[in-house]
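Have a look at the structure below before the remarks.
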Amino acid sequence: AKVGLNGACSYSWMILRLFKCLFDKDNIMSNITHLEEDEKTAECLDGDSESLQRKRDREGVLALLEEGIYHPMKLQDELPIGAFLPIFEAVCRCRQDPPQIVSSINSWSPAAYDLIGRNDLAELLSLRLSPMEQRPNPTSSGSDYSKID
C-alpha cells in the first residue's frame, strides 16, 4: 500500500485520470482516432449517449489496468466512497455489457475481462490467442479457472 504524501499524490493523480476517462466527453472524442472504423464510431457517438457512456466506461477499465489495479475491490479500502463508487459502477456496467472478443490490436486483454469479473471471457480469449500472441495476464492463475477436459 502506498503511504505518506507520495502515496496520497499518486492516488489523487490516479483518481483524476480515471474521472477524466469516465466523465470528460472531449477526452473520448479525441481518442476516436485510436479506434477501428473511426468514421462509424464517430457517427455512433455523436448522438448516442448510451454508446458514449459505454466507451467512457471501457476507457476507464483500461485506465485501471494501466494504473496497476487488477481488482476493483482493492480500491474500496483505499479510496473514499465518493471516489470509489463511480469507478465501481463503470466496472459493473462493463461486466453487464463487455466488449466483444475480436482478434485485433484494439481488443481487450484477458486481464481486462478478469478486472470486470468476466473470467469466462478471459478464459475464452486466452484459448483463442496462440501462445506467441498471448498478452500477459497478471491476475490469471491456474486456480482461477476450471480445468477444461
Side-chain angles (χ1 to χ4, degrees), residues 1-126 128-129 134-141 143-146:
K2 300 174 184 175
V3 181
L5 182 58
N6 289 336
C9 290
S10 64
Y11 277 123
S12 297
W13 281 113
M14 178 184 66
I15 292 169
L16 288 173
R17 180 170 180 232
L18 293 172
F19 276 31
K20 182 172 178 142
C21 290
L22 295 175
F23 300 115
D24 185 9
K25 180 181 176 183
D26 296 333
N27 180 48
I28 297 301
M29 297 309 277
S30 68
N31 287 336
I32 297 274
T33 58
H34 300 296
L35 300 174
E36 293 180 53
E37 302 175 72
D38 294 339
E39 293 173 14
K40 289 181 182 178
T41 304
E43 290 171 11
C44 177
L45 293 179
D46 279 340
D48 188 358
S49 64
E50 188 175 316
S51 294
L52 183 58
Q53 183 65 52
R54 185 179 309 118
K55 175 69 178 125
R56 288 178 185 168
D57 292 344
R58 291 173 181 179
E59 288 288 327
V61 166
L62 295 176
L64 279 170
L65 288 174
E66 290 172 5
E67 292 291 335
I69 305 298
Y70 298 100
H71 196 282
M73 298 313 288
K74 176 182 174 186
L75 294 175
Q76 184 179 16
D77 296 332
E78 299 173 358
L79 297 179
I81 191 72
F84 167 74
L85 196 56
I87 296 167
F88 187 68
E89 286 177 347
V91 169
C92 289
R93 285 189 297 266
C94 286
R95 181 181 305 128
Q96 293 172 350
D97 185 19
Q100 291 182 347
I101 295 177
V102 293
S103 53
S104 76
I105 192 127
N106 292 330
S107 68
W108 273 19
S109 68
Y113 289 108
D114 278 338
L115 175 63
I116 63 170
R118 293 301 304 265
N119 299 348
D120 58 326
L121 296 177
E123 184 176 5
L124 180 63
L125 181 59
S126 293
R128 280 184 151 186
L129 294 174
Q134 201 165 42
R135 299 178 203 160
N137 187 353
T139 61
S140 288
S141 65
S143 61
D144 288 342
Y145 300 120
S146 60

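Small disclaimer: the values here were computed from a predicted structure and weren't measured.
Using a 4.5 Å cut-off on side-chain heavy atoms (C-beta onward), Trp108 and Val61 make contact. Residues Leu85 and Glu89 form a side-chain contact, since some pair of their non-hydrogen atoms from C-beta on lies under 4.5 Å apart. The shortest distance between side-chain heavy atoms of Arg54 and Ser51 falls below 4.5 Å. Using a 4.5 Å heavy-atom cutoff, the side chains of Leu62 and Arg58 are not in contact. Within the 4.5 Å cutoff, no side-chain heavy atoms of Phe84 are placed close to those of Ile87. Residues Leu64 and Leu75 meet the side-chain proximity criterion, which asks for heavy atoms closer than 4.5 Å.
Note that CD1 of Ile69 is 11.5 Å distant from NE2 of His71, once rounded to the nearest 0.5 Å. Distance check, rounded to the nearest 0.5 Å: OG of Ser109 to CG of Asp114 gives 8.5 Å. Separation of atoms SG (Cys92) and CG (Asp97) is listed at 13.0 Å; rounding is to 0.5 Å. Glu59 contributes atom CD, which lies 9.5 Å from atom CZ of Arg17 (distance to the nearest 0.5 angstrom).
Of all heavy-atom pairs between Arg56 and Leu22, the closest is CD-O, 3.0 Å. The shortest heavy-atom contact between Cys21 and Ala63 is SG-CB, 3.9 Å. Here the closest heavy-atom approach between residue Arg95 and residue Ile116 is recorded as NE-O, 2.6 Å. Across Pro98 and Leu121, no two heavy atoms sit closer than the pair CG-CD1, 3.5 Å.
Of the listed residues (Asp120, Asn119, Ile101), just one forms a side-chain contact (heavy atoms from CB on, under 4.5 Å) with Tyr113, and that residue is Ile101.
Relative ring orientation between Phe23 and Phe19 is described as perpendicular, the plane-to-plane angle rising above 60° on a 0-90° scale split at 30° and 60°.
One side chain, Gln53 or Asp57, offers a donor N or O that lies under 3.5 Å from an acceptor on the other.
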